[in-house]
*Asks:* 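Pasting a structure here, questions to come.
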Amino acid sequence: MTTAAPVPVLTHDALLVLLLQLGLLLLLAVCLGQLAARLRMPAIVGELLAGVLVGPSVLGHLLPGVAGRLLPERPAQMHLLDAVGQLGVLLLVGVTGTELKYDLVRRRRATALRVSLAGLVLPLGLGTATGCLLTGPLLPAGSDPTVFALFLGVALCVSAIPVIAKTLMDMDLLHREVGQLTLASGVIDDVVGWFLLSVVSAMATAGLTAGRLAASLLYPACVVLLALLVGRPLVRRALRAAGRSPEPGPAVAVAALTVLLGAACTHALGLEAVFGAFVGGVLLGTSGRLEPERLAPLRTTVLAVLAPVYFATAGLRMDLTALARPEVLGAACAVLAVAVLGKFAGAYAGAKLSRLTGWEALALGAGMNSRGVIEVIVAMTGLRLGILGPEAYTVVVLVAIVTSLMAPPILRAAMARVEEGQEREPGGGTLGLAPPPAATV
């Protein structure tokens, strides 16, 4: 009887390189993230910059020998780093899903729907049209132009709840009506955005046919339905059992397992893993059995270690030297202008239809315009699937950074002209202020 050969272990050199990569990226990401926060910028700006410094834009250009040793071109070596990053982003998306405040959507559903849908449809349409026009400088070889255009539209229509919530908290606007409406609209944006990302990604991997398009729309809907009918009772039972322990460990394990299994299920169906992770997080957050303090260890680990490493690895893929080419720089300016105009105009129109004042509408547009974390995840997905090339990837991540930096000063200027306590209920009247919602990721 013969026995199977043992699985080869990770080599000494591969492990050493991985540890050096993780250590250096985490050190730079944490330090630069803290520096960005001190400068009143989103921490993600510093975390992405950590990867830019180590990547081809700086270290690869100045010290190619050192960069080649630290970031060897062997695919297997980079796959190890990517695996750590993928674990980080799945748990980050899951934690974000647990902390979305769906009660805000219920309380402000009419206004939130108008703002969110207008802020989705307009940038989606403009982004798709822009993608059709910019296939020359940005379309990678072998990518379908239609899928590329649709993907760019999805990338430009998303908003970033983590960045929006952090900005509102830092500016003490989370308890204001405009702050609550921004978060409620962002929740709807997140849900629709993950759905659209999953659909377009499935189209990219299986081809653009009528049958595949129908399946791409049907599969996510079936995932959501099964999650509600089957997943939610199972998650409730698991959380109830975990709640019997005085320690947070079992609850953390249930949460991580729910998110990772959700990601595995959607990935097996040919959908994006982050969509399943998001659905898993939503199940946890709406189960009624999750005590937020029980997830504090998981949240801390994800936000302090895994997420910074992921965003640093995202920065590694940026090649700012591509912007030296006039056609790429011109395309970047066009995409940024369309992204800002589409989201501002859409959110502003939705707010005005709800009879909010001009300054309130401007504040909503500024908050919804912040792309941050979500757009970086979308960009990384496009790069991994081959929909985006290095140039298009760099452009999309730049949009995420610039729009996140734009939000605080515009919000500050607009809200200075909105009297607290005078924000109006759509249709007239003065709103009573709700208590501040719990902090989100």
Side-chain angles (χ1 to χ4, degrees), residues 7 22 79-102 161-162 187 190-191 194-195 197-198 201 219-311 313 373-374 377 380-381 384 438-441:
V7 177
L22 292 174
H79 290 167
L80 292 173
L81 184 61
D82 285 338
V84 177
Q86 283 298 309
L87 176 64
V89 73
L90 293 176
L91 291 176
L92 175 63
V93 170
V95 169
T96 302
T98 67
E99 300 197 353
L100 294 180
K101 304 303 174 186
Y102 299 96
I161 278 290
V187 170
D190 262 12
V191 173
W194 291 126
F195 185 91
L197 174 63
S198 193
S201 299
Y219 282 0
C222 290
V223 167
V224 173
L225 185 62
L226 286 174
L228 292 174
L229 296 179
V230 180
R232 182 178 287 178
L234 292 176
V235 169
R236 281 177 177 165
R237 292 192 186 96
L239 287 174
R240 187 186 300 117
R244 300 191 186 105
S245 172
E247 299 297 325
V252 168
V254 169
L257 187 62
T258 301
V259 171
L260 295 178
L261 285 180
C265 288
T266 55
H267 193 66
L269 290 173
L271 305 174
E272 266 308 298
V274 288
F275 178 65
F278 180 75
V279 172
V282 170
L283 287 181
L284 292 165
T286 58
S287 67
R289 296 283 179 178
L290 183 65
E291 300 175 16
E293 60 272 12
R294 291 266 180 161
L295 286 191
L298 176 63
R299 188 181 301 107
T300 300
T301 302
V302 171
L303 296 182
V305 180
L306 294 176
V309 168
Y310 172 76
F311 291 121
T313 59
V373 176
I374 306 304
I377 295 173
M380 282 285 280
T381 301
R384 178 173 56 81
T440 59
V441 178

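This structure is a prediction, so every number in the text was calculated from the model and none was measured. Index from 1, following the sequence. Quick note: numbers below take in every heavy atom, side chains included, and nothing from hydrogens, waters or symmetry partners.
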*Asks:* Strictly distance-based, threshold 3.5 Å: is any side-chain N or O of T300 a donor or acceptor partner for the main-chain N or O of P297?
*Replies:*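 Between the backbone of P297 and the side chain of T300 there is no qualifying donor-acceptor contact (under 3.5 Å).
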*Asks:* Under 3.5 Å, side-chain donor or acceptor atoms of residues 83-93 against the rest of the protein: list the pairs with distances, not counting sequence neighbours.
*Replies:*
none

*Asks:* If you define the side chain from C-beta out and look only at heavy atoms, does anything of V95 sit under 4.5 Å from L295?
*Replies:*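 Side-chain contact under 4.5 Å: no.
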*Asks:* Could you check whether any side-chain heavy atom of T381 comes within less than 4.5 Å of a side-chain heavy atom of R384, counting everything from C-beta outward?
*Replies:*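 T381 reaches R384 side chain to side chain.
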*Asks:* To the closest 0.5 Å, what do you measure between CG (D82) and OH (Y310)?
*Replies:*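 Answer for the CG-OH pair, D82 versus Y310, is 9.5 Å.
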*Asks:* What's the shortest heavy-atom distance between L283 and A227, and which atoms?
*Replies:*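 Shortest heavy-atom separation between L283 and A227 comes out as CD2-O, 3.4 Å.
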*Asks:* Show me, pair by pair, the donor-acceptor contacts under 3.5 angstrom made by side chains of residues 249-268, not counting sequence neighbours?
*Replies:*
from : atom 1 : to   : atom 2 : distance (Å)
T258 : OG1    : V254 : O      : 2.8
T266 : OG1    : G262 : O      : 3.3
T266 : OG1    : A263 : O      : 3.1
T266 : OG1    : E272 : O      : 3.1
T266 : OG1    : G276 : N      : 3.2

*Asks:* Restricting to side chain to side chain contact (heavy atoms under 4.5 Å, CB included), what partner residues turn up for L234, sequence neighbours left out?
*Replies:*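 For L234, the residues satisfying side chain to side chain contact (heavy atoms under 4.5 Å, CB included) (neighbours in sequence not counted) are V230, R237.
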*Asks:* Side chain of R294, backbone of E247: donor and acceptor closer than 3.5 Å?
*Replies:*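 Checking the backbone N and O of E247 against the side chain of R294, a donor-acceptor pair under 3.5 Å is found.
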